[in-house]
Each structure stands twice: as structure tokens, then as C-alpha cells.
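Labels below follow one simple rule: chain letters A, B, ... track the order of the sequence lines, proteins then strands, and each chain is numbered from 1.
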Amino acid sequence: MTQEIPKTYEANKYEDGIYKLWEESGFFNPDRIKSKKKYCNILPPPNANGELHLGHASGYTVMDIFGRYHRMKGEKVLLYPGKDHAGIQSQVVYERKIKEERGISRYDLGREKFYKEIYDFCIDRSNYMRAQEKKIGISADWSREKFTLDPEVLSGALETFVKMEKDGMIYRGERIINWCPRCATALSDVEVLHKKTAGKLYYIKYPLKDSKQFIIVATTRPETMLGDTAVAVNPKDKRFEKLVGKIVILPLQNREIPIIADRRMEMEFGTGAVKITPAHDPLDWQIGKDHKLQEIQVINEKAEITKLGGRHVGQKVEEARENIVRDLTELGLIEKIEENEINKSICERCKETIEPLISKQWFVDVDAKKYSLKKESLKAIKNKQIKFFPNNFEKIMTQWFSGLHDWCISRQIWWGPQIPVWYCEKCGEENYIVSIEKPTNCPKCKGTKLTQDPDTFDTWFSSGQWPYTVLGYPKGQDYKDFYPTEMMVMGRDILSFWCSKMIMLSLYRTGKVPFKNLFFTGLIRDKDGQKMSKSKGNGVDPLEMIEKYGADALRMSLITDTTPGLDTRLYEEKIEKYRNFVTKLWNIYRYSFSSSENLELVEKISKKDVRSLADQWIVSRANQTILETSKMLENKNIALAENILIKFTWDELAAWYLEIHKLEKNDKVLGYVLDKVLKLWHPFMPFVTEKIYGDANKKVKMLMVEKWPVSDKKLIDKKSEKEFRDLQEMIVKIRNIRSSYRIAPSEIIEAYAKKLKNQEIIEKLGRVKFVDAKKQGIEISGKDLKIVLDIAELIDVEKEKKNFAKEIANLENLIAKNNTLLANKNFLASAPKEIIDNNKAKMIEYKTKLKKQKELFSNLNNLGKQGV
RNA sequence: GCACGCUUAGCUCAGUUGGCUAGAGCGCCUCGCCUACACCGAGGAUGUCGGGGGUUCAAGUCCCUCAGCGUGCACCA
């Protein structure tokens with residue numbers, strides 16, 4: 001039979017077939033499962049413009065572990081897959097592609113053709129990515145898969161806009177927004193990144209009208225001075241007290257602007273006097289509104305100086321900056337230039353510098369009278385309607401919602417759903433019509449010349465509604481069955497983008513939170529802790545790793561030693577280690593089924609089948625492991641569950657039980673333990689466990705839908721566990737001595753012991769042979785066993801004395817510590833009984849050990865005296 | 001500036017409700033017989049759990065504080 005099972009498990013030979021088996025079984029679809037208990041995890045839809053990366057792989061692994069665990073518990077499990085059209089990002093990707101491949105821009109294609117091409121591109125990528133997602137083994141129901149632009153999903157999202165508009169939560173207005181000159185669109189606050197960069201602080205002299213005096217302002221962006229409409233100082237600032245209300249002549253533009261007082265000015269920064277450019281700075285805009293200042297746009301949407309900028313018209317911002325500084329220097333108006341660290345705003349998608357501009361955009365009022373998205377979200381979090389993993393993310397989320405500003409939802413890109421607003425040619429934009437379908441005529445003038453607003457939605461507006469739109473809110477059966485969903489798993493980096501939007505929009509539309517448990521994964525970093533990126537070339541390709549080491553190994557390496565929300569490092573050696581573990585599991589199977597013709601995986605075992613001490617021990621340990629693993633999974637602690645299982649499988653089952661099984665075969669016990677091991681491992685390593693389970697079972701069975709083991713408390717036997725541990729300790733001591741005297745494993749040592757138990761096991765694992773005659777030599781002792789090893793001639797008495805002395809000192813130390821503890825009345829009064837008993841038991845153990853060690857120590861002296 | 005996190009073996013990280021002589025992997029050293037496995041086995045070395053203080057019978061774990069590092073948010077014109 002040995003020949004039939006190969007030495008190693010070749011993952012890439014079996015994985016696709018196993019996935020197909022699962023898929024064809026139909027059990028990815030919850031409709032096939034009859035259960036009242038439902039479990040749903042909506043998978044975060046990846047952007048349909050690229051390929052599977054490690055971030056996806058890590059999230060999918062977590063989701064699939066929980067999903068498979070719940071499915072094995074007999075629940076109706078739905079892992080809901082989808083893809084996101086990813087507005088700006090897809091457009092950036094596709095624009096780059098057509099530029100590289102065809103040398104054209106989106107304007108060459110025109111809006112309609114561009115949209116059609118990018119749609120086809122996304123569908124194509126979706127198909128490609130789906131195949132990749134299957135490789136990782138995710139047990140998602142592909143028959144339900146959705147795309148954010150699918151009509152039924154999209155209409156749900158658009159209805160939200162219509163409803164919000166009715167509820168007075170939508171407004172259109174000229175406000176200062178973040179503008180990306182490259183993407184040519186407005187962005188919301190979260191889509192802007194801030195990067196600390198070296199910059200300069202320019203001190204510029206502004207001459208006072210009818211005076212030889214100057215007021216000096218400090219700025220990092222001198223070019224915006226062309227649009228200045230005031231100079232502001234803090235009202236408390238004594239230095240400028242007399243200047244407030246005076247007029248300044250704006251250099252280069254020769255415009256008269258006032259000096260105003262505003263408490264938002266920091267007295268400590270720069271000179272304390274600030275130039276105010278309402279059209280190009282968010283704070284200045286606010287100040288401008290409050291002081292009714294003029295807004296002069298001197299920078300346009302291409303980041304060039306406008307006509308209003310005078311002779312610098314047409315220059316790029318950076319160019320204009322240099323020229324203006326030169327002009328000012330020539331005029332003697334530059335006081336000084338300092339090095340200064342500035343916080344540069346860049347586009348999250350294309351990294352271009354953001355220009356704050358005043359622009360007409362659509363906004364969501366997040367704190368509207370009729371319904372406050374902000375307050376309702378805060379309330380839901382405060383009321384613990386969502387359980388966060390890790391817990392402290394609750395605080396981060398709360399903090400985020402507390403600082404929430406109105407949300408700019410319109411984008412000037414072509415890719416994505418258009419805002420459902422129509423303008424009548426006659427009645428003008430003020431009298432807009434909100435309607436998902438194109439209205440037949442204008443309700444006001446009955447005119448039929450209607451055009452739709454050209455703007456598209458922020459991509460997070462639609463994906464933020466994903467949990468209920470895919471489930472078919474409000475009437476869909478899935479919505480009724482699965483909402484609110486049980487579980488959501490996402491990368492910590494999209495908390496402010498996606499998570500926040502899902503919470504607030506779901507509460508608004510459905511009145512309920514979208515998910516009950518929210519689990520954050522950290523970022524996957526490289527071996528040196530660096531972020532993985534294409535440009536750095538330090539990325540690990542999940543598909544390449546799957547091909548090389550198998551999906552199970554990759555899955556394991558992604559979750560091992562991780563903590564929710566914290567970053568983790570991944571590198572090939574780590575994956576290799578788990579490939580090795582997969583091989584280990586395979587060889588456990590290989591040995592087991594080669595050693596016996598009649599071995600069968602059995603679900604249950606009766607006490608009378610558990611015969612030897614080793615049997616009792618491994619069965620007890622197996623049941624204890626079921627208990628602990630299940631508990632860890634319930635606590636969403638995957639990494640610890642995995643640790644517990646590795647320990648049991650490798651260090652206990654493989655290293656000890658299988659060795660003993662070679663001496664005293666008990667196939668019932670082995671079949672029982674293997675059955676548990678395969679089932680417990682299945683959520684983590686679905687492929688290899690399914691393969692083994694299928695090969696090992698004579699009946700046609702699928703592990704994926706087998707029942708998750710339940711711990712049989714009757715089979716947990718702490719006494720046998722303890723006894724077996726003592727046996728292990730004896731064997732380790734023998735091995736220890738062998739190793740320290742370099743006795744080759746091939747050499748069998750003679751040994752002697754009174755009251756010998758488990759003789760065969762000690763002989764085999766310790767490589768000794770027991771003889772009847774009493775021997776002279778080094779002695780080792782356990783709880784109720786003393787073994788004499790016949791190696792007197794090898795013993796270095798002085799060395800052994802040192803070892804014993806060390807051990808004796810250690811024990812005396814422990815006893816002393818325990819003595820004080822047990823003498824402490826407070827300890828006896830307040831500690832739980834279990835702990836006290838435990839300490840008492842330990843005390844006895846230490847004392848016995850100490851007595852024995854001392855005895856052995858004096859025997860050693862005899863050995864020395866005899867001069868052997 | 002505000003908030004959050006991290007600091008445990010040479011490296012990377014676990015450590016459950018505060019309670020067993022602090023663990024794992026990698027790396028390192030020694031040795032490798034026995035057909036499950038060299039993708040392996042046996043043994044070993046390395047820790048004032050970042051510093052200080054506190055709560056408690058008991059602290060790696062809870063609280064305060066300091067330091068270093070990281071992240072998010074806000075923002076300084």
C-alpha cells in the first residue's frame with residue numbers, strides 16, 4: 001500500500017480538481033443547505049481593473065476560514081462575491097493603457113465609446129480575477145456574483161440619491177474642493193493623501209497704502225498671492241493692533257486689499273500676518289465667506305494661472321511660483337526665504353498635487369435636519385451594534401465619524417454611474433429634476449430638451465451601499481434571509497473609505513447596521529517591513545506562490561502569528577515552512593494508511609476502545625484540542641487556533657503518538673484522531689484535507705460539509721495526560737543524556753529499573769534495553785520511576801554534579817517562592833480554589849523532585865569515589 | 001497638535017479571562033539509527049517581557065508616566 005501513496009503531496013496536481021468538486025457539489029450556494037442558522041459574509045468587491053494581490057488573498061483566507069467553519073457547523077453559509085467598477089482608479093488604469101498601447105486619450109474616443117471600452121475591460125478583468133480568486137480556495141457562491149454596475153445593484157444605489165434629495169440631504173453648490181489636475185475631477189477629503197515634503201516659506205512685504213510701511217506675510221505658495229483679497233491677523237496680536245482696517249496694496253496686481261482680524265490666525269506662525277486667498281485655500285475660503293471677501297480664481301483646473309493672474313497667465317503653478325518670487329525679489333519685496341517642511345496634498349489614485357479650487361459640485365449633508373448620517377452612525381457604534389476586531393478600531397471609527405464633513409460625491413470623470421439629475425434647457429440648472437429614468441418632459445415648462453448632469457458618482461457612493469444592494473433590498477429573499485450580515489472582513493486601510501460609508505448609508509436606507517462583526521486585517525509587508533508595491537518590485541505574487549507551494553501553504557502563511565488590524569510580513573521562507581507542514585500532514589496520513597489495511601476514519605469512539613496510556617492521552621488531547629480550537633474560532637482568534645492545531649498535530653500526534661502506534665497499534669484510536677485532525681484543519685487548509693479525506697474514506701464523502709467536531713468531555717482525561725507527560729519527561733531525559741555524551745542513536749544502552757511500566761515505549765523512544773540485573777551508572781528519575789543507565793564509564797562526574805546542582809538550586813528557588821505564596825493569608829483568602837490547589841500540587845511535585853535529585857546527586861558521588 | 005498602535009530570544013512574531021518554572025518559527029551549535037516524512041528526526045544555547053511608578057494575594061497581561069518607533073486624522077498660511 002505504501003507505493004500507492006506518494007511521499008509528498010503535490011498541491012498543484014490536485015487543487016483545481018478539488019475546487020471543481022466543491023463547486024459542482026453546489027454547497028457554495030446556501031440554498032443547498034437546510035438550516036435555520038444563517039451566516040453571511042459579503043466579500044469586499046475588488047477593483048475590476050487589475051489582478052489578485054496579497055491583500056485580497058489575505059482577506060479571502062480569513063473570510064474563508066470563518067465561512068468554512070460555520071458551514072461545517074451546519075449553518076446556511078453565504079460568502080457573497082462581487083466586483084467594483086472603481087471609478088477613478090479604473091479610469092486612470094484604462095487611460096494609461098490606451099495611451100501606452102494606442103497613443104490616445106479618452107477625448108480621442110469620446111465619452112460614449114470610452115465608457116463602453118472600459119466597461120468591457122472591467123468585465124474582462126473580472127473574469128480573469130474570478131479565476132484567480134478560486135485558486136485561493138474561497139468557498140464563495142459564484143452563482144450570485146454581482147458587479148457594482150449591474151442594473152439591479154445600481155438602481156438601488158441611485159434610489160438612495162433620490163431619497164436623500166427628497167430628505168434634504170443633498171445640495172449642489174460652489175465650494176472649495178480638492179481638485180486633481182491630472183484626473184480632472186473633484187475629490188472627497190478621504191481621497192487626498194498628505195505627504196510631508198521639504199518646502200520653502202517665503203516672507204513677502206506687502207506695502208501699506210499711503211505709507212512707506214510694510215506688513216510682512218509668510219506663505220508657502222507665493223503664486224496664490226495673485227488672488228489675495230485680504231491680509232489677516234489675530235485680533236489679540238498687539239503687533240498688528242493698529243493696522244487692522246488699513247489697506248494694503250497687493251504687489252504685482254496693484255489691488256487694494258484690507259487688513260482684517262480673525263481669531264483663526266496663529267500668532268506664533270511666520271510673522272502672524274497671513275495673506276488670504278479665498279479661491280485657493282480651504283481655510284481662506286471659510287474666512288472669505290465670514291468676512292464677505294471677493295473670491296478671485298487665479299489658478300484653473302489644469303493648475304495654470306488664469307487671465308485674472310495678469311501677466312503670468314498660462315503658466316503652470318510651479319513655473320509661476322518661480323517667476324513671481326523673481327519679480328518680487330527685483331522689487332525688493334522678499335524679506336527672506338526659509339526652509340520649511342510642508343504637508344503636500346496629493347491625489348490618492350495618481351499622486352498628482354491637489355489644487356484647492358472653488359467648483360460647483362454635489363454634496364451630501366452628513367448632518368442634515370431630517371436625518372443625520374453622522375449622528376446615527378455614532379449612535380449605532382456607541383450602542384455596540386457592531387463588534388470590532390480588534391476592539392480599539394471602534395474608537396478610531398468613532399473619532400472618524402466625529403470629525404466628518406460634508407461629502408463631495410460628484411466626480412468629473414466619465415467612468416461610473418451618472419448623477420440622476422436632469423436640466424431643462426429653458427428652466428436652467430437651478431430647477432433641476434431628480435429622476436433615475438430620463439423624464440419625458442420638464443415638469444415646469446413641459447419642454448423636452450433635457451440633458452443629464454455630466455458628473456458621475458464617487459465610487460464609494462455605490463460600493464458603500466453594497467451590503468444591501470447586492471442582497472436585493474428591500475424585497476429580495478437574500479436580504480430577508482441574511483441582512484444584517486454576520487461578518488465583514490476588510491483591510492484596515494479602507495476604514496475611512498468603505499467601512500464608514502457602509503455604516504452610514506446602510507443605517508439610512510435599512511435602519512440597521514450592515515454587519516454584526518467587523519474584522520480588520522493588517523497590511524501585508526515584505527521581509528523588511530516595507531510596503532509591497534509594483535514600483536519597488538518587492539511584491540509577492542500570490543498566484544506564483546500557489547503554483548509553487550500550494551494554496552494551503554499560502555493561506556497558512558498569511559494568517560500565522562497575525563493579530564487583527566496589525567500589519568504582518570510575508571516572505572517565501574514562511575510559505576515554504578507551511579508547505580512543509582502540509583507535507584507533514586500528508587505523511588501522517590501516509591504512515592497511518594500504510595501501517596494498517598483496515599484503518600478507517602471514525603467519527604465516534606467508545607471508552608472501551610481507548611486502551612493504553614498513549615491512547616488515553618492522545619484521545620484526551622484530541623478532545624481538548626477540539627474544545628480550544630473551537631473557542632479560538634468563536635473569539636475570532638485565527639492565529640491562536642492555528643497554533644493550537646499545529647502543536648497537536650506535529651508535536652503530539654506525529655512526534656509521539658505515531659511512534660508509539662508502531663509498537664501498539666490501535667486503529668480505532670488512530671482513525672478517530674485523524675478524523676478530528678482533518679476536520680479541524682479543513683477551514684485553514686481546505687485542499688489537502690479534502691484530498692486526504694476523499695482518499696482515505698471508502699464511502700463517497702465530502703469533508704467540506706462534514707460536521708465540525710464536538711468535544712466529548714468524557715474522553716478528556718487529565719490524569720492520563722499527566723501520566724503520559726511524566727513518561728515523555730523520562731524519555732526526554734534519556735535522550736538528553738545520550739546527546740550530552742554523544743552516544744550514537746544506533747547504540748542501544750542497557751538500563752535497569754524497578755517497577756517498570758511502559759517498557760517498550762521507553763525502550764523504543766529512548767533507544768535503551770532493560771535488563772534484569774541491577775546496574776551501576778547514571779540515574780534518572782521521574783514521578784514514580786527510577787532508571788539506571790549503564791554508561792558509568794562515560795560519565796563526567798564533575799559535569800553531572802554541576803547539572804544537578806543547577807537543577808537543585810532551581811527547585812529550591814521554586815519551593816521558596818511557593819512557600820511564601822502559600823504562607824500568604826491574603827493569597828489563600830482571595831485566590832480561586834483552583835489556583836491554590838494547583839500551587840499545593842506543584843509544591844508536592846517540586847519537593848519530590850528535589851528529594852530525588854538530591855538522592856541522585858549523592859549517588860553520583862559514590863560513582864565518583866569508585867573511580868569508574 | 002490630537003488620536004491609535006507597537007516595543008517579549010540574534011531576526012520575525014504569538015502570548016486567551018491577570019494565575020502551570022514566559023512560547024513558536026527562522027537562524028545558530030551538536031548529533032543523526034530506526035523505510036511516514038531530509039519538505040525529516042533527537043538534543044542544546046540565547047529573555048532584568050522598552051525605562052520608572054502604581055493597583056492586586058498575584059502583572060508580559062490592568063492603570064499612570066517617560067522614551068523610541070509606526071499609523072491615522074487635523075493642520076501651521
Check: B:rA14 base within 3.5 Å donor-acceptor of A:Glu642 side chain: no
Distance below 4.0 Å between A:Asn580 side-chain N/O and B:rC40 OP1 or OP2: yes
Value in whole Å for how far the P atom of B:rA77 lies from CG of A:Asp284: 10 Å
Strand partner of B:rG60, provided both Watson-Crick or wobble distances fall under 3.5 Å: none
Rounded distance (Å) that lies between atom C1' of B:rG44 and atom NZ of A:Lys733: 17 Å
Side chain A:Arg590 and base B:rC37 donor-acceptor under 3.5 Å: no
Side-chain donor/acceptor contact of A:Lys395 with base of B:rC4 under 3.5 Å: no
Nucleotide B:rG1, atom C1' - distance to CZ of A:Phe269 in whole Å: 14 Å
Between B:rC73 (C1') and A:Arg492 (CZ): distance, integer Å: 14 Å
Side-chain ion pair, A:Glu628 and A:Lys647, N-O less than 4.0 Å: no
Gap between atoms CD and P, on A:Glu394 and B:rG72 respectively (whole Å): 21 Å
Pair of N/O donor and acceptor under 3.5 Å linking B:rC33 base with A:Ser746 side chain: no
CA sep, side-chain torsions, deciding dist, call: A:Lys289, A:Glu295, salt bridge (Lys or Arg N to Asp or Glu O under 4.0 Å): CA-CA 9 Å; A:Lys289 284 276 172 230; A:Glu295 293 160 358; 3.3 Å; yes
Any A:Lys817 side-chain N or O less than 4.0 Å from OP1/OP2 of B:rU21: no
Atom-to-atom span, CD1 of A:Ile396 to C1' of B:rA74 - whole angstrom: 15 Å
Side chain A:Arg579 and base B:rC39 donor-acceptor under 3.5 Å: yes
Phosphate OP1/OP2 of B:rA74 contacted by A:His194 side-chain N/O (<4.0 Å): yes
Heavy-atom donor-acceptor pair, A:Lys662 side-chain to B:rA36 base, under 3.5 Å: yes
B:rC13 OP1/OP2 closer than 4.0 Å to side-chain N/O of A:Lys574: no
A:Asp567 and A:Arg492 ion-paired at < 4.0 Å: yes
A:Arg264/A:Asp290 salt bridge by N-O under 4.0 Å criterion: yes
